[in-house]
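Inspection log for the structure reproduced underneath, given as structure tokens.
Heads up: numbering here begins at 1 and tracks the sequence. Only heavy atoms go into these numbers, but all of them, side chains included; no hydrogens, no water, no symmetry mates.
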Amino acid sequence: MDPAQNTSAAVPIGGSGSNGTMRYQTNDGTSSVTTAAAADDSKENLNQVINSIDKVLTLLHQLHLTISSFTPASQLHLLQRLNNLVLELDNMAKLSEKCSIQIPMEVINLVDDGKNPDDFTKDVVNGCIARNQVTKGKTDAFKDLRKHIMENLEETFPNEIEMYREIRANSAAEAKRVAQSQSVLPNGDAKVKNEL
């Protein structure tokens, strides 16, 4: 599948939670809530999950060693290690519910195939670059078409084209004034756009 056309689902890991909130207004006029403390909590939760994964890997290694040198006398030791593994897996599952991470299915498939997941990122970036070049080519073609049409119209209708340019300049100036007036608060401060 072409990563540039990636519309597949993602695999969610855990849920989400929030503590302190901060409101801000978006470009479309709707208000949104962001949580600075939730970002720190999410990072801490992720670190806990990573530590739990490390513990599980250590327990699996220990379990492998126990199984490879198994004797009937070491059965109790094997059962203890199995119980520790089950407890840590349960702990990891509980910790992961506090994380809100989504991983594209393509990344998981690459890992399952034994490939580097960075290949997915590289393919997505290359796909974006290719789409950007195609879009730039279309934009340049439309600019050339507009220029050609304006030149032909100016030869045929010089007065109307002059009026058109005046109307367009006035309209652009008015749009700029409106945009500037909307970005200033009543107290004179400028609005700041928060982009997450």
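Once rounded to the nearest 0.5 Å, the distance linking CG of Asp90 with CG of Leu85 reads 11.0 Å. In this structure, the separation between CG on Asp113 and CD on Glu106 is 11.5 Å, given to the nearest 0.5 Å. Taking CD from Glu88 and CG from Leu57, the interatomic distance works out to 10.5 Å, rounded to the nearest 0.5 Å. The OG1 atom of Thr71 sits 10.5 Å away from the NE2 atom of His77 when rounded to the nearest 0.5 Å. The CG atom of Leu59 sits 14.5 Å away from atom NE2 of His64, with the distance rounded to the nearest 0.5 Å. Interatomic distance, CG of Leu82 versus OG1 of Thr66, reported as 8.5 Å (0.5 Å rounding).
Val125 has its side chain out of reach of Cys128: every pair of non-hydrogen atoms, C-beta onward, lies at least 4.5 Å apart. Between Thr58 and Lys55, every side-chain heavy-atom pair lies at or beyond the 4.5 Å cut-off. At least one side-chain heavy atom of Tyr164 sits under 4.5 Å from a side-chain heavy atom of Arg168. Inter-residue side-chain proximity for Asn91 and Leu87 is flagged as unmet; no heavy-atom pair is nearer than 4.5 Å. Counting heavy atoms from C-beta outward, Glu174 and Arg177 have side chains that approach closer than 4.5 Å.
Val49 and Ile103 are not part of a single hydrophobic cluster, where members link through side-chain heavy atoms under 4.5 Å apart. Residue Met105 is not grouped with residue Val111 when hydrophobic side chains (ILVMFWY) are merged at heavy-atom distances under 4.5 angstrom, including chains of intermediate members. Side-chain heavy atoms closer than 4.5 Å link hydrophobic residues (I, L, V, M, F, W, Y) into clusters, and following such links, possibly through other members, connects Leu63 to Ile53. Placement of Val56 and Leu65 in two distinct hydrophobic clusters is found when ILVMFWY residues are connected by side-chain heavy-atom separations under 4.5 Å, directly or transitively. The hydrophobic cluster containing Ile67 also contains Leu60, counting ILVMFWY residues as joined when their side-chain heavy atoms lie under 4.5 angstrom apart, directly or transitively.
Salt-bridge annotation for Arg165 and Glu154: present, with a side-chain N of the basic residue lying under 4.0 Å from a carboxylate O of the acidic one. The pair Glu97-Lys94 does not meet the salt-bridge criterion, since no charged nitrogen lies less than 4.0 angstrom from a carboxylate oxygen.
Although no hydrogens or angles enter the test, the distance criterion places a donor-acceptor pair under 3.5 Å between the side chain of Thr135 and the main chain of Arg131. Under a 3.5 Å cut-off, the side chain of Ser74 and the backbone N or O of Phe70 do not form any donor-acceptor pair. Put simply, the side chain of Thr156 never gets that close to the backbone of Leu153: no donor and acceptor are under 3.5 Å apart. Put simply, the side chain of Asn45 gets close to the backbone of Asp41: a donor and an acceptor are under 3.5 Å apart.
For Asn152, the side-chain contact (heavy atoms from CB on, under 4.5 Å) test picks out His148, Glu155, with sequence neighbours left out.
For the side-chain contact (heavy atoms from CB on, under 4.5 Å) with Phe120, the qualifying choice from Asp118, Val124, Asp123 is Val124, the only one to do so.
When all heavy atoms of Arg81 and Gln62 are compared, the closest pair comes out as NH1-O, 3.0 Å. Listed here is the closest heavy atom pair of Cys99 and Leu46: SG-N, 3.6 Å.
Crowding of Gln75 atom CD: a count of heavy atoms from other residues, nucleotides or ligands under 6.0 Å not exceeding 12.
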Query - Residues Asp140, Lys136; criterion salt bridge (Lys or Arg N to Asp or Glu O under 4.0 Å); working and verdict - result: CA-CA 6 Å; Asp140 291 345; Lys136 184 180 183 318; 3.0 Å; yes

